[in-house]
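Here is the structure we will look at, set down as structure tokens.
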Amino acid sequence: MRAAVCPEYGPPDVVCIEERPVPVTGPGQVGVRVDVAAVNYPDVLLIAGRYQVRVPPPFVPGSEFAGVVCEIGPYAQGFAIGDRVTGTGMTGAFAERVVVDAPVLTPVPEGVDSRTAAAFGVAHRTAHHALRSVARLAAGDELVVLGAGGGVGLAAVQLGVALGARVTAVASSPEKLAAADLYGAHRLINHRESDLRTSLREALPDGADVVIDPVGGGLSEPALRSLGRGGRFITVGYASGVIPRIPLNLVLVKGIHVLGFQFQDVPADEFARNEAELRELLVSGRVHPHVGSVYPLDQTVAALRDVAQGRAVGKVLLDMS
């Protein structure tokens, strides 16, 4: 099979395309012919050796995919040959075949194409669980979304609107803000054209209720300052590459709640509720991923660069066909 391979830690340019043996499908595992894979920022970090978990090279990067079940290992249950599925894993998705444990797979709903299925999972699940179970977003809340042109950011814009919040989208370019506007953002702020602290104060004189931050860096503190009393600041990731330092006096003075998001921290009953809600939003067409660019497997480096350098609008995909 053909696969993108990280032979050593480094920038996206170290990745090369190679012929590799088809991975063995072991007990409890399922082999999937990959149709489409999605590129996420943690893929860039894993290749650079800067993620919180290090994978020894050489390895096949890629954590999100959609495809068709082509092999079922002993004791694996719940799937049949030919089933359309989507799934996530630490690595392995940037290849024509991937092998994963059966429980990480989810059937693709009828009528949902492979590109949509591959682009939907990580970003929309992250945003929805963060908004519902961590931020406790309610209809009428003022929601600030940083990085509103990226995968998680655009998902948070869409889902915030679907949940009845008023959304202020913060992004770095007119193209990214245009995408946020397309999905219902009520206010648009280009943080490269104005002082973010001033812009948020003018847009939200009474303060925001929730901030979703997948970016970090220099945007976090002014966004934190925009919160009203008792506001909730949700840190999701650090796509800027910089982990911010927050002055704790801001938290004290306003009674702000600073919360981190991890899937494993969501209570089981809420997790099931959130997943059911998200599936209904997808199937009904009320929410869908924004695919900004699609590359063939041969151009994996270009796709990774788009994500690494913050150029991506929405999701970046690799189409194996």
Side-chain angles (χ1 to χ4, degrees), residues 30 32 35-38 40 63-69 77-80 82-89 100 102-143 145 148 150-167 169 179-186 209-210 212 214 232 234 236 261-292 314-315 317:
V30 174
V32 178
D35 291 332
V36 182
N40 295 295
S63 54
E64 183 176 21
F65 62 89
V68 178
V69 172
Q77 297 180 345
F79 297 96
D83 284 351
R84 297 178 61 238
V85 294
T86 185
T88 58
V100 295
V104 310
L105 294 175
T106 303
V108 175
E110 193 70 31
V112 175
D113 63 82
S114 293
R115 289 186 177 184
T116 299
F120 192 76
V122 169
H124 280 76
R125 290 177 71 229
T126 297
H128 193 62
H129 285 287
L131 289 171
R132 287 288 275 131
S133 289
V134 183
R136 306 291 179 187
L137 189 74
D141 278 353
E142 292 286 357
L143 169 65
V145 179
V152 173
L154 266 182
V157 169
Q158 293 182 39
L159 291 163
V161 171
L163 291 168
R166 290 185 57 80
V167 179
D181 185 42
L182 178 67
Y183 295 110
H186 299 84
D209 297 294
V210 175
I212 293 289
R232 289 91 73 197
I234 317 303
V236 177
F261 169 75
Q262 294 286 340
F263 281 110
Q264 62 263 33
D265 295 332
V266 179
D269 58 337
E270 293 188 18
F271 193 94
R273 177 204 65 190
N274 296 347
E275 291 287 297
E277 290 176 350
L278 197 55
R279 185 179 179 87
E280 173 56 30
L281 286 167
L282 173 64
V283 171
S284 68
R286 292 177 60 200
V287 170
H288 58 90
H290 181 94
V291 176
K315 296 289 287 191
L317 303 181

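Residues: numbered from 1 along the sequence shown.
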task = Look at the aromatic rings of His129 and Phe261 and report parallel, tilted or perpendicular, splitting at 30° and 60°.
result =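 Ring orientation, 0 to 90° scale: parallel.
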
Is the closest side-chain heavy-atom distance between [X] and [Y] below 4.5 Å?
X	Y	value
Thr106	Arg279	yes
Ser133	His128	no
Val152	Val122	no
Arg166	Asp141	no
Arg132	Glu277	yes
Val68	Val32	no
Tyr183	Val287	no
His288	His124	no

request  = Rounded to the nearest 0.5 Å, what's the gap from CG on Leu317 to CG on Asp35? Could you check?
outcome  =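 Answer for the CG-CG pair, Leu317 versus Asp35, is 12.0 Å.
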
key: Reported CZ-to-CG distance for the pair Arg84 and Asp113, which is rounded to 0.5 angstrom   =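 So the CZ of Arg84 and the CG of Asp113 are separated by 7.5 Å.
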
Worked check of side chain to side chain contact (heavy atoms under 4.5 Å, CB included) between Asp265 and Phe271 = CA-CA 9 Å; Asp265 295 332; Phe271 193 94; over 6 Å; no

task = For Asp83 and Ala80, indicate whether the former's side chain and the latter's backbone hold a donor-acceptor pair under 3.5 Å.
result =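 It does hold such a pair.
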
I need the minimum non-hydrogen distance between [X] and [Y], along with the two atoms involved.
X	Y	result
Ala102	Val30	CB-CG2, 3.8 Å
Arg125	Glu275	NE-OE2, 3.0 Å
Val108	Val112	CG1-O, 3.4 Å
Val283	Pro109	CG2-CB, 3.7 Å
Ala185	Val161	N-CG2, 4.3 Å
Leu143	Gly160	CD2-CA, 3.9 Å

query = Checking side chain to side chain contact (heavy atoms under 4.5 Å, CB included) for the pair Leu159/Leu278: CA distance, chi angles, key distance, verdict?
reply = CA-CA 9 Å; Leu159 291 163; Leu278 197 55; 3.9 Å; yes

task = Carefully, step by step, assess Phe79 and Val85 under the rule side chain to side chain contact (heavy atoms under 4.5 Å, CB included).
result = CA-CA 9 Å; Phe79 297 96; Val85 294; 3.7 Å; yes

task = Start with the C-alpha gap between Arg286 and Glu280, add the side-chain angles, then the distance that decides, and say whether side chain to side chain contact (heavy atoms under 4.5 Å, CB included) holds.
result = CA-CA 9 Å; Arg286 292 177 60 200; Glu280 173 56 30; over 6 Å; no

key: Matching residue for Leu131 among Val145, Thr126, Leu137, Asn274 - test: side chain to side chain contact (heavy atoms under 4.5 Å, CB included)   =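 When Val145, Thr126, Leu137, Asn274 are each tested with Leu131, the side chain to side chain contact (heavy atoms under 4.5 Å, CB included) holds only for Leu137.
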
request  = Identify which one of Thr88, Thr86, Asn40 satisfies the side-chain hydrogen bond (donor to acceptor under 3.5 Å, both in side chains) criterion when paired with Glu64.
outcome  =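 Among Thr88, Thr86, Asn40, the one meeting side-chain hydrogen bond (donor to acceptor under 3.5 Å, both in side chains) with Glu64 is Asn40.
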
